[in-house]
There are 2 protein chains.
Amino acid sequence: MSVEDNLLKLVEVETPDDQDYLLQEQVGFILRKAHQRHVSIFAAHIGDLTPPQFAALAKLRDVGETSQNQLGTLIAMDAATVKGVIDRLKARGLVELSKHEVDKRRLLVNLTAEGRDAIERLIPLAREITQETLAPLSAKEIATFMKLLAKLA
Amino acid sequence: MSVEDNLLKLVEVETPDDQDYLLQEQVGFILRKAHQRHVSIFAAHIGDLTPPQFAALAKLRDVGETSQNQLGTLIAMDAATVKGVIDRLKARGLVELSKHEVDKRRLLVNLTAEGRDAIERLIPLAREITQETLAPLSAKEIATFMKLLAKLA
DNA sequence: GCAAATTCATTCGTATGCAAATGATATCAA
DNA sequence: TTGATATCATTTGCATACGAATGAATTTGC
């Protein structure tokens, strides 16, 4: 390495300004890649359902019948997005819709028998997905990571 | 709490099977929410450009002219996705396209003067976005989190 | 009790994101 | 050299994701 290079490096170390911005070190960029990797692992284990569709079924299993909007809140989806997800689950016979008797604005969503079977069958696979996603980390690292990630979400 | 409730709780603790699956504790779900939060913070600071568009400009600033596919690899986007992103940046005059002289398959992408101005102007805002995204964590937690997140991505 | 504000759901428009198929070009191997 | 492969880019189709606008129904505030 030349004297000039060393001088240049010294200047860079001492004045880390805009020259320095490295996309691949930004949280947002890495977060996007980590999410991509998870979705890819998910697809490899559960091919016929997307993560959002799975989330909807899993949450319905937890809470039972709810309104479409309420379900959206529970799985962090806005109204427009949740509608599409529920439409597709309904088209496949995994959920059924009904009108709320009292509040006529609300559209109630519930699992069908088939939907309940599906989610029960898929949950063991979902556990594997979680495991594989976290596989690069040790048990202790997983605990630390989940704690910090939860703070960011 | 009734005796029955306590017995029930005991049973749950001792047999953590499928009854236990909690969507909101799964990496994939929290990863998705953390990513959503970041995108929202990004939009609040940089309204007229999306994170993928910004990523494309920032990477072009780093590496200079490259082929569309190569750029996609560098910013973790598949060929179909990167095409749309570049099309929109081109429509706004931030990048320009040209044909590779030797390899006629390749489409070269480069920043325009306007694109270069834009990315230089936006980088300070991007630093703020990173900071705000990580704001819930202490400096030490940030270091730990970034190390572990990188392992997962 | 009634007007204003809120909530629920839908629709539209735009932007990722990816699988799969296709066409053009380039490279490799027999 | 040529036939098989591989690479680059495009297109299509489907599925999130969200802002903004709209309409219907409910709740609030005075």
Side-chain angles (χ1 to χ4, degrees), chain A residues 28-29 31-44 46-57 65-92 94 97-109, chain B residues 28-29 31-44 46-57 65-92 94 97-109:
Chain A
F29 184 73
L31 221 37
R32 175 170 149 272
K33 288 213 300 175
H35 181 247
Q36 276 177 2
R37 174 171 166 271
H38 167 75
V39 172
S40 165
I41 292 171
F42 189 101
I46 300 180
D48 66 340
L49 221 56
T50 65
Q53 289 167 5
F54 176 86
L57 295 184
E65 189 174 60
T66 6
S67 75
Q68 198 174 259
N69 257 20
Q70 175 61 17
L71 180 61
T73 300
L74 293 172
I75 58 180
M77 257 177 245
D78 78 356
T81 302
V82 81
K83 182 179 194 313
V85 173
I86 294 303
D87 279 354
R88 285 180 283 278
L89 291 175
K90 174 177 157 55
R92 294 176 53 177
L94 299 177
L97 305 180
S98 57
K99 288 176 183 168
H100 193 287
E101 288 300 320
V102 178
D103 188 340
K104 295 176 186 173
R105 295 170 304 178
R106 295 189 200 172
L107 185 64
L108 296 175
V109 189
Chain B
F29 184 73
L31 222 38
R32 177 170 147 272
K33 289 214 297 175
H35 182 247
Q36 276 177 1
R37 173 170 166 272
H38 168 74
V39 172
S40 165
I41 291 171
F42 188 102
I46 301 180
D48 65 340
L49 222 55
T50 65
Q53 288 167 5
F54 175 86
L57 295 184
E65 188 172 61
T66 8
S67 75
Q68 199 174 258
N69 257 19
Q70 176 60 17
L71 180 60
T73 301
L74 293 172
I75 57 180
M77 256 177 247
D78 77 357
T81 301
V82 82
K83 180 178 195 316
V85 173
I86 294 302
D87 278 353
R88 285 179 283 276
L89 291 175
K90 172 176 158 56
R92 294 177 52 178
L94 300 177
L97 305 179
S98 57
K99 288 176 183 168
H100 192 287
E101 289 298 321
V102 178
D103 187 340
K104 295 178 187 171
R105 294 169 305 176
R106 294 189 201 171
L107 187 63
L108 296 175
V109 189

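In what follows, every chain begins at residue 1, and chains take the letters A, B, ... in the order their sequences are listed.
- To the nearest angstrom, C1' of C/dA9 lies 14 Å from CD of A/Q70.
- Rounded to an integer number of Å, the gap from CG of B/L89 to C1' of C/dT14 is 14 Å.
- Between B/L57 and B/L49 there is a side-chain heavy-atom pair separated by less than 4.5 Å.
- Look at CZ on A/F42: it is 14 Å from P on D/dA15, rounded to the nearest Å.
- One can place NZ of B/K33 at 18 Å from P of D/dT16, the figure rounded to the nearest angstrom.
- Taking atom CD1 of residue A/I75 and atom C1' of nucleotide D/dT16, one finds them 12 Å apart after rounding to whole Å.
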Determine whether B/H35 and B/L31 satisfy the following criterion, side-chain contact (heavy atoms from CB on, under 4.5 Å), listing intermediate values before the conclusion. CA-CA 6 Å; B/H35 182 247; B/L31 222 38; over 6 Å; no
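- In this structure, the NE2 atom of B/H100 is 16 Å from the P atom of D/dT7, given to the nearest Å.
- Out of C/dT16, C/dA9, D/dT11, the shortest distance to the side chain of B/K83 is found at D/dT11.
- Using modelled atom types, one side-chain atom of B/Q53 and one backbone atom of B/T50 make a donor-acceptor pair closer than 3.5 Å.
- Inter-residue side-chain proximity for B/L89 and B/V109 is flagged as unmet; no heavy-atom pair is nearer than 4.5 Å.
- Between A/K99 atom NZ and C/dC8 atom P the separation is 18 Å, expressed in whole Å.
- Here D/dA17 presents its P atom at 6 Å from NE2 of A/H35, a figure rounded to the nearest Å.
- For the atom pair B/K104 NZ and B/K99 NZ, the distance stands at 9.5 Å (nearest 0.5 Å).
- Residues of residues 47-54 of chain A having a heavy atom closer than 4.0 Å to DNA chain C: none are found.
- Here the nucleotide nearest the side chain of A/N69, chosen from C/dT11, D/dA17, C/dC8, is C/dC8.
- Under the side chain to side chain contact (heavy atoms under 4.5 Å, CB included) rule, B/I86 has a single partner from B/L97, B/L107, B/T81, which is B/L97.
- Here the shortest heavy-atom pairing between B/V85 and B/A56 reads CG1-CB, 4.2 Å.
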Heavy-atom contacts, protein to nucleotides 18-29 of chain C, under 4.0 Å, summarised as B (base), S (sugar-phosphate only) or - (none) per nt, yield BB----BBS---
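- Looking at A/R32, its side chain does come within 3.5 Å of a backbone N or O of B/A76 through a donor-acceptor pair.
- Between A/F42 and A/F54, the ring-plane angle classifies as perpendicular under the 30° and 60° cut-offs.
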